[in-house]
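Have a look at the structure below before the remarks.
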Amino acid sequence: MRLPDYKEARTRDVRDYKTIQFKFDEKIKNKYLGKKYYLKTYGCQMNEHDSENIRALLENIGFSEIDDYEKADLILLNTCSIRENAHNKAFGMLGRIKHLKEMRPEVLVGLCGCMAQEASVVEEILTDYKFVNFVFGTHNLYDLPEIIDKAIETNKQQIEVLSREADMVEGLPVIRANKFKAYINIIYGCNKFCTYCIVPYTRGRERSRKKEDILKELEELVKDGYKEVTLLGQNVNAYGKDLYDDYNLANLLEDVAKTGIPRIRFTTSHPWDFTDDMIEVIAKYPNIMSSIHLPVQSGSSSILKKMGRRYTRESYLELFDKMKKIIPNVTISTDIIVGFPGETEEDFEETLSLVEYCKYDNAFTFIFSAREGTPACKLEDNTPLKEKEDRLQRLNEVVNKYFLENNKKLEGKVLSVLVEGVSEKKNMYYGYSETNKLINFSSDEEIEVGSIVPVHITNAKTWSLDGKIDR
Ligand code: SAH
Ligand code: SF4
Ligand code: F3S
């Protein structure tokens, strides 16, 4: 049994780690042929991508996927700790599984992902959720086949969580959810320690993948006909810092652009280390999409300081203006937290005025959620929840107003759309523009899913655009 330890998770000393190649254990290949798994993924793209690896690991030992958990032989929850409601959702699901286990005790239940890295969650599982057969964390995902095999063979609960990052594993198998759009990890972990955030504890120290490994994975995707890649990291702008003296995200973006893949995205960018070189590379290459997710969190410099974000309202806006000036037709989206401990009405109004200035194309807005073990959790918080909910609503009204206003400007324009699917309505398709807007459009001629087509925009809504193919 290996249990997570927060104190250790917090440390950031640079340890030697090796890059090792993943190898399947041939002894258990197809051992569980005929068994069915149900996988539920919570949280961010990083978790979604981890689930793509998990699928491949499970299918190698013989499992196949079903979407009804009540019929599964194995139920696995890939969890998220970012806010309390993500945490509650996973425990709610465990409650339902408990009932199922009473009727079908042979069902195997596993929990992984960020919640598995939380000592308090694992303690709760040890005391109140004894029926959970195995737990493993974000640092040893590749151990999954062996952990399951051991849980089945010994019929004993397996808790295998590493508190800190281990070796970098390359060559993990993957079953991608989409045939045209793919995720590639470029950097793991986060060193920023924003005071509200649990991610540095659940995902460990920043570790960049070697550029050769990233480019090799990308070349495979290009060969397989992929049209879009999203480079993933909690803070992609830190790419390379731990590995190279003279190779960073700007260099990587340039090398990725040169492979000729039609669409390149990257997420998430921390404003603090967004360099001029990165802005220039994005502006230079048409296949690097000019839609940037640039979380601001708050418009008040005093709250930003308490959040440990390392930039001020003014320096954020300076960066924002620079992007708007240099990158043609750039769209910028953001994340905002309201009700951080000590946020006054004046602080909140500064957030509103910043949104009025930035007129974001998309924004994810949240009420602050206290996460155990983070510094912000200990701050005095006198704002009643009702007041925070009210602020969230006021903020959402403003962000929504600009979503619609920005979309209206696209009426009459022709946008290039990557076709994702056919809608239920006759002759209707949907897909995403270069700036990541959802577009529903008609075409009398049949269109291939996965192709990139020009669409004439006829009508703008808050969350999507309508159009027809431009032939
Ligand atoms: N690495 C990304 C953020 C990942 S988490 C970045 O730094 O931009 C996604 C978003 O969740 C954050 O941008 C933040 O807005 C929100 N978030 C993180 N911790 C939170 C908390 N404790 N309460 C509320 N929202 C939080
Ligand atoms: Fe969390 Fe901040 Fe790291 Fe983003 S940069 S993952 S918000 S600590
Ligand atoms: Fe959640 Fe972990 Fe992602 S906490 S947001 S799944 S990195």
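We count ligands from 1, going down the list as the structure has it; atoms in each ligand are counted the same way.
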Inset, instruction - Assess the side chains of His87 and Glu84: does a donor N or O sit below 3.5 Å from an acceptor N or O? - result: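 Note: His87 and Glu84 side chains miss the donor-acceptor criterion.
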
Inset, instruction - Go through the side-chain N and O atoms of Ser51 and Asn78 and say whether any donor and acceptor fall under 3.5 Å apart. - result: yes

Legend entry - Closest heavy-atom pair and its distance - Val107, Asn133: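 Taking every non-hydrogen atom into account, O-OD1, 3.7 Å.
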
Legend entry - Over 12 foreign heavy atoms within 6.0 Å of NZ, Lys210: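 No - once you tally the heavy atoms of other residues, nucleotides and ligands closer than 6.0 Å, there are 12 at most.
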
Legend entry - Neighbour count >12 (heavy atoms, 6.0 Å) for atom CG, Asn88: yes

Non-hydrogen atom of [X] closer than 4.0 Å to ligand 1:
X      : answer
Thr374 : no
Val199 : no
Arg309 : yes

Inset, instruction - Show all protein N/O/S atoms under 2.8 Å from atom 1 (Fe) of ligand 2, or state that there are none. - result: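 Metal shell, protein only: Cys197 SG.
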
Legend entry - Aromatic ring proximity Phe91/Tyr129, centre distance under 6.0 Å: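 Yes.
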
Between [X] and [Y], how do the two ring planes meet: parallel, tilted or perpendicular, split at 30° and 60°?
X      : Y      : result
Tyr316 : Tyr311 : tilted
Phe340 : Phe368 : perpendicular
Tyr37  : Phe63  : perpendicular

Legend entry - Partners meeting side chain to side chain contact (heavy atoms under 4.5 Å, CB included) with Glu228 (sequence neighbours left out):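 By the side chain to side chain contact (heavy atoms under 4.5 Å, CB included) rule, Glu228 matches Lys181, Thr230, Arg263, Arg265, Leu418.
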
For [atom], which candidate among [options] holds the nearest heavy atom?
atom                    : options                       : answer
atom 20 (C) of ligand 1 : Tyr196, Phe340, Phe364        : Tyr196
atom 4 (C) of ligand 1  : Gln234, Glu84, Met307, Arg371 : Gln234
atom 18 (C) of ligand 1 : Ile82, Leu294, Asp335         : Ile82

Legend entry - Worked check of ring-ring contact (aromatic ring centres under 6.0 Å, His included) between Tyr432 and Tyr430: CA-CA 7 Å; Tyr432 286 86; Tyr430 64 91; 7.6 Å; no

Legend entry - Atoms named by residue and atom, protein N, O or S, within reach of atom 1 (Fe) of ligand 3 (under 2.8 Å):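 Near atom 1 (Fe) of ligand 3, below 2.8 Å, one finds Cys80 SG.
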
Legend entry - Proximity flag Gln234 to ligand 3, non-hydrogen atoms under 4.0 Å: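 Right, Gln234 reaches ligand 3.
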
Inset, instruction - Identify, for atom 17 (N) of ligand 1, the protein heavy atom at the shortest distance, and state residue, atom and that distance. - result: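 The answer is Arg83 NH1, 3.4 Å.
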
Legend entry - Qualifying salt bridge (charged side-chain N to carboxylate O under 4.0 Å, His left out) pairs, either residue in residues 321-340, two or more places apart: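 Output for this query lists Asp276-Lys322.
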
